[in-house]
Chemist: 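Quick one: the structure is below, questions incoming.
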2 protein chains.
Amino acid sequence: MDTKSLIIEKATILFQQKGYKSVGLTEILKACNVTKGALYHHFPNGKEQLLIACLQVLNEVIMTDIESIFRRHLSTKEALLSIIDKLIRDLETEGTITGYTFSSIVSEMATVSEPVRHACSALYENIQQIYSAKLVTDGLSNESASAIALLMTASIEGAMMLCLTQQSSDPLKTIAKLLPKLLKDI
Amino acid sequence: MDTKSLIIEKATILFQQKGYKSVGLTEILKACNVTKGALYHHFPNGKEQLLIACLQVLNEVIMTDIESIFRRHLSTKEALLSIIDKLIRDLETEGTITGYTFSSIVSEMATVSEPVRHACSALYENIQQIYSAKLVTDGLSNESASAIALLMTASIEGAMMLCLTQQSSDPLKTIAKLLPKLLKDI
DNA sequence: GTCTATAAGCAGATAGAC
DNA sequence: GTCTATCTGCTTATAGAC
């Protein structure tokens, strides 16, 4: 694996876990066993450029991952539960944010950096697009499909935040029980 | 108004808007027209102590505010809509996070500082407690009341995050339409 | 492409006058 | 209780050897 990918991979994990500002360049470099020279060779514009690269890679990873889940499961309900379940497993093994959520980055950077805000916005939009498309094949109208897709994304992100503060995966488990009910009666 | 309260008030706004690390002490002091000496007199343990003081005050403000909303509205649905509506109005006038949400602080600090995580956890718990108590008087069992209270909190926080990235209040408006349906059929 | 050494700036925090 | 001046350490970023 090349250095650039290595840096992106390690940095992504750290950014998801601790946010942007809380992670120093030195911390990232230590995790990769790489020095400043190498980093600034691949990312001449420094830390923010690295973050955006991370978000782009994250975008691709999440997309292929969620798409494959939706291919494996026939019903939207099963697919959704499978996604939440993976978040729960990640949370319980790692103890921090991983996988499909990046709220730590959003809330810290959205008001501070336009390029970062755009990258995050694209990511959320893609996720909701997948949910929404599936719901349309389930027979929903475009409007209600995208509305429910939004509620799914929002409640997962919000539950993730509650999990963080409570240091427990219960909030995710709770919405995993409630969201399917929402899918039934529409 | 005394200096201590002034500092807390201004700092709370800045922390909600830009997160913790992104706000420098100098920025807070400039907003108050106060100097470092005064700040460190009131908060000897510095910035983190100030943040926790902000969260405690925020806790009280949110509690009295939400409680009064619930007193004014007979139905849980109306009260919830009124709360979301206030968030939307704040968002549209200020353009940033205010009011009942503090996701920027949570996601940045929960993994970094235990005292801050505790303060945030208490705040979320209080909010959910109010929702939940009201739902119980509506006839729900304790379990389903607290589950739905959690979904309400999570989806509002998540929607707030989506509003930030999209720079639009639409996500909040969407969940304002969907959540009442959830309250109907339980 | 990767390293070391160093720069330049800003953060949070302190000391002591008033 | 509030001010100014200062300190220390850490941050991102750069320069230049290899």
Side-chain angles (χ1 to χ4, degrees), chain A residues 1-55 57 104-105 107-117 119, chain B residues 1-55 57 104-105 107-117 119:
Chain A
M1 168 184 264
D2 62 340
T3 310
K4 189 170 182 178
S5 311
L6 177 69
I7 296 175
I8 291 178
E9 186 189 306
K10 297 288 186 185
T12 302
I13 297 171
L14 287 168
F15 286 147
Q16 280 185 302
Q17 290 178 343
K18 306 170 71 176
Y20 178 71
K21 292 255 164 76
S22 299
V23 180
L25 284 185
T26 3
E27 189 178 355
I28 297 170
L29 298 172
K30 209 184 296 172
C32 310
N33 271 317
V34 166
T35 55
K36 287 217 162 77
L39 187 141
Y40 275 92
H41 171 74
H42 294 290
F43 307 95
N45 294 329
K47 197 182 173 185
E48 187 163 322
Q49 187 187 358
L50 170 60
L51 172 62
I52 291 171
C54 290
L55 288 171
V57 171
S104 43
I105 300 164
S107 50
E108 191 181 351
M109 296 297 287
T111 51
V112 178
S113 159
E114 266 298 292
V116 175
R117 189 185 65 76
Chain B
M1 168 184 264
D2 61 340
T3 310
K4 190 170 181 178
S5 311
L6 177 69
I7 296 174
I8 291 178
E9 186 190 306
K10 298 287 186 186
T12 303
I13 296 170
L14 287 168
F15 286 147
Q16 280 184 302
Q17 289 178 343
K18 304 171 71 176
Y20 178 70
K21 293 255 164 77
S22 298
V23 180
L25 284 186
T26 4
E27 188 177 355
I28 297 169
L29 298 172
K30 209 183 297 172
C32 309
N33 271 317
V34 166
T35 56
K36 285 216 164 76
L39 187 141
Y40 275 92
H41 171 74
H42 294 290
F43 306 96
N45 294 329
K47 196 181 174 186
E48 187 163 323
Q49 187 186 357
L50 170 59
L51 172 62
I52 292 171
C54 291
L55 288 171
V57 171
S104 43
I105 299 164
S107 50
E108 191 181 352
M109 295 297 287
T111 52
V112 177
S113 158
E114 266 296 294
V116 175
R117 188 184 67 74

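Letters A, B, ... are given to chains in the order of the sequence lines, protein chains preceding strands, and every chain is numbered from 1.
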Chemist: Roughly how many Å is it from OH in A:Tyr40 to C1' in D:dG16, rounded to a whole number?
Modeler: 17 Å
Chemist: Give a yes/no answer on whether the side chain of B:Thr3 brings an N or O atom under 4.0 Å of OP1 or OP2 in D:dT2.
Modeler: yes
Chemist: Side chain to side chain contact (heavy atoms under 4.5 Å, CB included) with B:Cys54: which of B:Ile105, B:Ile7, B:Ile8?
Modeler: B:Ile8
Chemist: Less than 4.0 angstrom between a side-chain N/O of A:His42 and OP1 or OP2 of C:dT2, yes or no?
Modeler: yes
Chemist: Round to a whole Å and report the spacing from CG of B:Leu39 to P of D:dT4.
Modeler: 14 Å
Chemist: Using a strict threshold of under 4.0 Å (side-chain N to carboxylate O), is an ion pair present between A:Glu114 and A:Arg117?
Modeler: yes
Chemist: What is the distance, rounded to the nearest whole Å, between atom NZ of B:Lys30 and atom P of C:dC10?
Modeler: 11 Å
Chemist: Separation of B:Leu50 atom CG from C:dA13 atom P, in whole Å?
Modeler: 10 Å
Chemist: For the pair made of CG in B:Asp2 and P in D:dG1, what is the distance, rounded to whole Å?
Modeler: 9 Å
Chemist: Using heavy-atom distances to pick each residue's nearest nucleotide on DNA chain C, tell me which of B:Pro44 and A:Lys36 is more 5'.
Modeler: A:Lys36
Chemist: Touch check for A:Gly37, heavy atoms < 4.0 angstrom, all strands: base, sugar-phosphate only, or nothing?
Modeler: base
Chemist: Would you confirm whether B:Ser104, through its side chain, and B:Gln16, through its main-chain N or O, come within 3.5 Å as a donor-acceptor pair?
Modeler: yes
Chemist: Rounded to the Å, how far apart are B:Leu25 CG and D:dG9 P?
Modeler: 18 Å
Chemist: Quickly work out the B:Phe43 CZ to C:dT14 P distance and round it to whole Å.
Modeler: 15 Å
Chemist: What's the spacing between A:Tyr20 OH and A:Met109 CE if we round to 0.5 Å?
Modeler: 5.0 Å
Chemist: Just how far, in rounded Å, is P of C:dG12 from NE2 of B:His41?
Modeler: 20 Å
